[in-house]
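Below is one structure; the comments refer to it alone.
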Amino acid sequence: MPRTPFLAGNWKMYTTPEEARDLARALRDGVAGVEGVDVLVCPPFTSLAAVAEELAGTPIALGAQNMYYEDQGAFTGEVSPLMLVALGVSYVLVGHSERRQYFGERAETLNRKVKAALAHDLKPILCVGEKLEEREAGASWKEVVRGQVRAGLEGLGAEDLGPVAIAYEPIWAIGTGKTATPQAAQDAHAMIREALAETFGAATAEKTRILYGGSVKPDNVRELMAEPDIDGALVGGASLKAETFVPIIRFQE
Ligand code: 13P
C-alpha cells in the first residue's frame, strides 16, 4: 500500500492569533485543489481556535505541538487531550527535540503522551533525532534514535500503530539551514522502519509514515521526497509563510 505524502508545518512559538489567521487563510487558498497529499499545520496553543475557524471545511488538518497526558486536574499551565479535541485538533507532536532539550521531556513521559493521544483519537507524531555530538560519536547515534522510537512506542501493539507517524529530525539540521543529504536522511528512515518492523512486524512498518524534518525548503523537498522511505516533511521556518510552505505542499507539481 503506498503511503500518502504528508506535509506538516510546525509553527513553533510564532504567530499571534491574528497572524495565525492570516497565514491559515493564505494556506487554504494556496492549497485549494491539491490532491494526493495530507497537509497539517501545528500552530501554538493560543492560535488553535483561530486557525480551526479558518480551516473548517478545508482538507488541512490541525495539530498541537505538545500536550499533557492527563485529562484534567491540578496541572497549572498544561493542556489536555480533551481540550485539544474540543478545538478540532486531530494530531499532536510528541517529543519534539526542543521539548526534550529545553523542557526536559523524558522517554517515559513521551510514551504516556503517545498513549493518551491514542486514547483520545488524536494522531501522535513521535519526533526523534540525534544531536550533533551523537552523530559525530559514530555509529552510536543510530542506537539513540532506535531507542527513542522504541521508548516512545513501548507497550503498543501493531493494532495501535495505524494513527502513529514518526518524524525524524536530526537536531543538527533544525533551523540551521543544514539539511541532511537525501541519502543520509533515507538511511536514517530505513533504519527507523527496520526498528518498527522488529517490534511491530513488517506489514505495520511498511504502512507507517516517517517524516523528515530539518531545514526543509521548497528547493530541497523534491529530492528528499524522492527517497523511498521519506514519506513526508515536518517543516519549521519554511511553514511560517504561505509562499514557502505552499510550494512544499505542491512538491509533486
Ligand atoms: P526548521 O524547518 O526550521 O529547520 O525546523 C524543523 C523542525 O524542527 C520542525 O519540527
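In listed order, ligands and their atoms are each counted from 1. Quick note: residue numbers are just sequence positions, from 1.
Annotation for Lys142: atom NZ does not count as buried by contact number, only 12 or fewer foreign heavy atoms lying within 6.0 Å.
Among the atoms of Gly236, some N or O lies under 3.5 angstrom from an N or O of ligand 1. Distances between N or O atoms of Gly213 and those of ligand 1 include no value under 3.5 Å.
The proximity of Ala173 to ligand 1, defined as any non-hydrogen pair under 4.0 Å, is limited to the backbone. In Ile174, the parts holding a heavy atom less than 4.0 Å from any atom of ligand 1 are both the side chain and the backbone.
Of all atoms in ligand 1, numbered sequentially from 1 with element shown, those under 4.0 Å from a heavy atom of Gly175 are 1 (P), 3 (O), 4 (O). The His96 neighbourhood of ligand 1 comprises atoms 7 (C), 8 (O), 9 (C), 10 (O), with distances under 4.0 Å to a heavy atom of that residue. Those atoms of ligand 1 with a heavy atom of Asn10 less than 4.0 angstrom away are 9 (C), 10 (O). Within the listing of ligand 1, atoms 4 (O), 6 (C) sit less than 4.0 angstrom from a heavy atom of Gly214.
Under 4.0 Å is where a charged nitrogen must lie from a carboxylate oxygen, and between Glu136 and Lys131 no such pair does. Between Glu143 and Arg150 a salt bridge is recorded (basic side-chain N to carboxylate O distance below 4.0 Å). Salt-bridge check for Arg21 with Glu53: passed, with a basic side-chain N closer than 4.0 Å to an acidic carboxylate O.
Counting protein heavy atoms only, atom 5 (O) of ligand 1 is closest to Lys12 NZ, 3.3 Å. Looking only at heavy atoms of the protein, atom 7 (C) of ligand 1 is closest to Glu169 OE2, 3.1 Å.
The main-chain N or O of Cys42 is found under 3.5 Å from a side-chain atom of Gln65 such that the two form a donor-acceptor pair.
The aromatic ring centroids of Tyr69 and Phe75 lie 6.0 Å or more from each other.
Asp38 pairs with exactly one of Arg209, Lys123, Arg3 by the salt bridge (charged side-chain N to carboxylate O under 4.0 Å, His left out) rule, that one being Arg209.
Remark: among candidates Pro170, Ser215, Gly237, the nearest residue to atom 3 (O) of ligand 1 is Gly237, based on non-hydrogen atoms.
The aromatic rings of His189 and Tyr212 sit tilted relative to each other, their planes meeting at an angle between 30° and 60°.
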